[in-house]
Amino acid sequence: MPSSIRLGAISLDSDDPAALAQFYRELLGLTPTWQSEDFVALKGAGVLLTIQRDSDLRRTTWPDGPVPKQMHLELAVDDLDVAEHRAIALGATKAEHQPQPDRWRVLIDRDGHPFCVTTLIPDA
């Protein structure tokens with residue numbers, strides 16, 4: 001029997017959903033499908049990427065510290081250097097800890113969410 005459960009969206013918490021949505025909209029070429037002061041839904045990545053307000057957001061202190069990384073995005077790219085430079089130009093920062101920079105780069109979005117750019121993800 002086929003599953004009736006499917007991945008519908010990935011949600012990120014943010015203290016400024018519009019600003020974080022703008023970052024991912026520009027980075028990934030996504031289209032806003034719904035927006036309010038507290039929530040933005042972006043389409044175009046196979047699933048929705050949603051950003052919702054969390055006024056008590058605690059930034060991760062990954063890889064060490066009291067606030068662990070709860071989840072992160074893995075973004076498939078063709079060129080690590082090009083993707084890293086584009087993300088940084090849009091407001092990301094490069095994480096100090098880079099476990100395998102020849103295989104993937106760890107970056108941090110404007111709200112402190114780590115995400116990776118990698119060439120290791122095969123085409124679907």
Side-chain angles (χ1 to χ4, degrees):
M1 171 185 261
S3 175
S4 63
I5 300 172
R6 65 182 176 84
L7 180 62
I10 298 168
S11 296
L12 299 174
D13 290 344
S14 174
D15 59 359
D16 186 348
L20 187 59
Q22 181 69 19
F23 170 78
Y24 282 109
R25 186 183 71 76
E26 290 184 29
L27 182 65
L28 299 172
L30 303 177
T31 304
T33 61
W34 195 85
Q35 185 167 349
S36 73
E37 183 179 324
D38 295 323
F39 184 87
V40 180
L42 302 171
K43 184 178 180 182
V47 298
L48 292 176
L49 178 62
T50 65
I51 296 94
Q52 58 195 22
R53 184 172 308 282
D54 180 348
S55 299
D56 296 321
L57 180 68
R58 296 177 59 212
R59 289 182 174 286
T60 183
T61 54
W62 180 89
D64 300 310
V67 183
K69 169 186 60 142
Q70 292 88 12
M71 63 85 65
H72 70 278
L73 300 175
E74 293 281 348
L75 306 180
V77 302
D78 294 324
D79 186 298
L80 290 173
D81 292 329
V82 170
E84 176 185 324
H85 289 112
R86 173 141 173 78
I88 289 171
L90 292 171
T93 57
K94 188 171 182 177
E96 191 172 314
H97 180 65
Q98 295 290 324
Q100 293 190 342
D102 58 322
R103 301 180 66 152
W104 68 83
R105 310 278 168 79
V106 182
L107 302 166
I108 310 293
D109 72 22
R110 66 164 304 281
D111 280 354
H113 302 289
F115 67 95
C116 296
V117 294
T118 181
T119 57
L120 299 176
I121 298 173
D123 289 334

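Taking Trp62 as the reference, His97 meet the ring-ring contact (aromatic ring centres under 6.0 Å, His included) condition, with sequence neighbours excluded. Partners of Gln100 according to the side chain to side chain donor-acceptor pair (under 3.5 Å) rule, which considers only residues two or more places apart in sequence or in another chain, do not exist here. Scanning for side chain to side chain donor-acceptor pair (under 3.5 Å) contacts around Asp79 gives an empty result, with sequence neighbours left out. Residues passing the side chain to side chain donor-acceptor pair (under 3.5 Å) test with Ser36, sequence neighbours excluded: none. When the side chain to side chain donor-acceptor pair (under 3.5 Å) test is applied to Thr50, the partners found at least two apart in sequence or on another chain are Ser11. With sequence neighbours left out, Pro101 forms a side chain to side chain contact (heavy atoms under 4.5 Å, CB included) with Gln98, Arg105.
Note: Asp16 CG to Ile51 CD1 = 10.5 Å, rounded to the nearest 0.5 Å. If you take CG on Leu49 and NZ on Lys43, they are separated by 14.0 Å, rounding to the nearest 0.5 Å.
For residues 46-58, every residue pair satisfying the salt bridge (charged side-chain N to carboxylate O under 4.0 Å, His left out) rule, not counting sequence neighbours, is listed here: Asp38-Arg53. Applying the side-chain hydrogen bond (donor to acceptor under 3.5 Å, both in side chains) test to every pair with at least one member in residues 111-122, sequence neighbours left out, gives these pairs: Ser14-Asp111. Every pair tested for ring pair (Phe, Tyr, Trp, His ring centres under 6.0 Å) that includes a residue from residues 63-96 fails, sequence neighbours excluded, so the list is empty.
Linking ILVMFWY residues whenever their side-chain heavy atoms come closer than 4.5 Å, directly or via other members, places Leu73 and Val117 in the same cluster. Val82 and Val77 fall into different hydrophobic clusters, where Ile, Leu, Val, Met, Phe, Trp and Tyr residues are linked whenever their side-chain heavy atoms come under 4.5 Å apart, directly or through other members. Under the 4.5 Å side-chain contact rule for hydrophobic residues, Leu30 and Val47 share a cluster. The cluster map of Ile, Leu, Val, Met, Phe, Trp and Tyr, joined by side-chain heavy atoms under 4.5 Å apart, puts Leu75 and Leu120 in different clusters. Cluster annotation: Val106 and Leu27 are assigned to distinct hydrophobic clusters (Ile/Leu/Val/Met/Phe/Trp/Tyr, side-chain heavy-atom contacts under 4.5 Å, transitive).
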Listing, residues 86-94 side-chain donor-acceptor contacts under 3.5 Å, not counting sequence neighbours, or none:
unit_1, atom_1, unit_2, atom_2, d
Arg86, NH2, Glu26, O, 2.6
Lys94, NZ, Glu84, OE2, 3.3

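Residue Phe115 comes nearest to Asp109 through the heavy atom pair CE2-N, 3.7 Å, listed as atom of the first residue, atom of the second, then distance. Residue Arg59 comes nearest to Gly112 through the heavy atom pair NH1-N, 2.5 Å, listed as atom of the first residue, atom of the second, then distance. The two residues Leu57 and Asp15 come nearest to each other via the heavy atoms CD2-N, 4.1 Å.
Side-chain heavy-atom separations under 4.5 angstrom define the hydrophobic clusters, and the remaining members of the one that includes Trp34 are Phe39. Alongside Val67, the hydrophobic cluster contains no other residue (criterion: ILVMFWY side chains under 4.5 Å).
No side-chain heavy atom of Thr31 sits under 4.5 Å from any side-chain heavy atom of Leu42. Contact annotation: the side chain of Thr33 approaches that of Leu48 to within less than 4.5 Å [non-hydrogen atoms, C-beta and beyond]. The shortest side-chain heavy-atom distance between Leu107 and Pro114 does not fall under the 4.5 Å cut-off.
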Quiz item: Under the side-chain contact (heavy atoms from CB on, under 4.5 Å) criterion, do Arg25 and Val40 qualify, and how do the steps go?
Solution: CA-CA 10 Å; Arg25 186 183 71 76; Val40 180; over 6 Å; no
